[in-house]
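Report on the following structure.
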Amino acid sequence: MASSKVGSIGEYIREQRTRAKISLRQLADVSGISNPYLSQIERGLRKPSAEILQQIAKGLRISAEALYVQAGILEDREADTDVQAAVRADLLLTERQKQVLLDIYASFLKENEATGVFDDVRDDTGPDDDEPAVHEQNGKEEVG
């Protein structure tokens, strides 16, 4: 079973590299991993560590998490929200900063879910189209 995972991660890396139109040598240069070692990973002869996968992910400009899932290091999870996707895609943040932001965001979501704060917001995000909006101006309500 482990050998099929090793092969699949190598195939996945090769596929991502091909899609990015990057040669094996170019990936080796940008990731700091030797060309022969990368070749062995792609051919399924070597099982890369999490650190190596992270370097490869940076070189391919993809999520390290995607490689971890493919390698069997992490379990697949639900799709990202827009906020999570934006944080992960931000090139100006370090991996540590991204993780801290994602942890804080997850804690807010968990807290809101536990307290039911936004239950009614998810069902009704604004006035119905057939209801006029009511605006308050100078202490008087105006329909508009």
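Fair warning: this is a prediction, and the values are worked out from it, not measured in the lab. In what follows, every heavy atom counts, from backbone to side chain, and hydrogens, waters and symmetry copies are set aside.
In this structure the side chain of Leu24 never reaches within 4.5 angstrom of the side chain of Arg14, judged on heavy atoms. Looking at Ser31 and Leu38, their side chains come closer than 4.5 Å, going by heavy atoms from C-beta outward. By the 4.5 Å heavy-atom criterion applied to side chains, Val83 and Leu102 are not counted as neighbours. Residues Ile62 and Ile56 are not in side-chain contact: their nearest non-hydrogen atoms beyond the backbone lie 4.5 Å or more apart.
In this structure, the separation between CD on Gln40 and CG on Asn35 is 10.5 Å, given to the nearest 0.5 Å. Summarising the geometry, atom CD1 belonging to Ile73 is positioned 7.5 Å from atom OG belonging to Ser49; distances are rounded to the nearest 0.5 Å. Atom CD1 of Ile33 and atom CG of Leu27 lie 7.0 Å apart (nearest 0.5 Å).
Between the side chain of Thr115 and the backbone N or O of Glu111, at least one donor-acceptor pair lies under 3.5 Å. Arg43 places a side-chain N or O within 3.5 Å of a backbone atom of Ser39 that can act as its donor or acceptor partner. Panel note: side chain Gln16, backbone Ile13; no donor-acceptor pair is recorded below 3.5 Å. Distance alone, capped at 3.5 Å, places no donor-acceptor pair between the Gln99 side chain and the Arg96 backbone. Between the Lys98 side chain and the Asp90 main chain, a donor and an acceptor come within less than 3.5 Å of each other.
Taking both residues in full, the closest heavy atoms of Ser34 and Ala28 are given as C-CB, 4.1 Å, listed atom of the first, atom of the second, then distance. Heavy atoms only, all atoms of each residue included: Ile9 and Leu67 are closest at CD1-O, 3.5 Å. When all heavy atoms of Ser23 and Gln26 are compared, the closest pair comes out as N-OE1, 2.7 Å. Nearest heavy-atom pair, Gly59 versus Ile22, reported as atom, atom and distance to 0.1 Å: O-CD1, 4.0 Å. Of all non-hydrogen atoms in Ala66 and Tyr12, the two that sit nearest each other are CB-OH, 3.9 Å.
Residue Val100 is found in a hydrophobic cluster whose other members, listed by chain and number, are Ile104, Phe108; membership requires side-chain heavy atoms under 4.5 Å apart, directly or through intermediates. Other residues sharing a hydrophobic cluster with Leu91 under the 4.5 Å side-chain heavy-atom criterion for ILVMFWY residues do not exist; the residue is a singleton.
Counting heavy atoms of neighbouring residues, nucleotides and ligands inside a 6.0 Å radius, atom CG of Asp103 exceeds 12 of them.
Under the 3.5 Å distance criterion, with hydrogens and angles disregarded, a donor-acceptor pair is assigned to the side chains of Gln84 and Thr81.
Between Arg17 and Glu42, at least one side-chain nitrogen of the basic residue sits less than 4.0 Å from a carboxylate oxygen of the acidic one, meeting the salt-bridge criterion.
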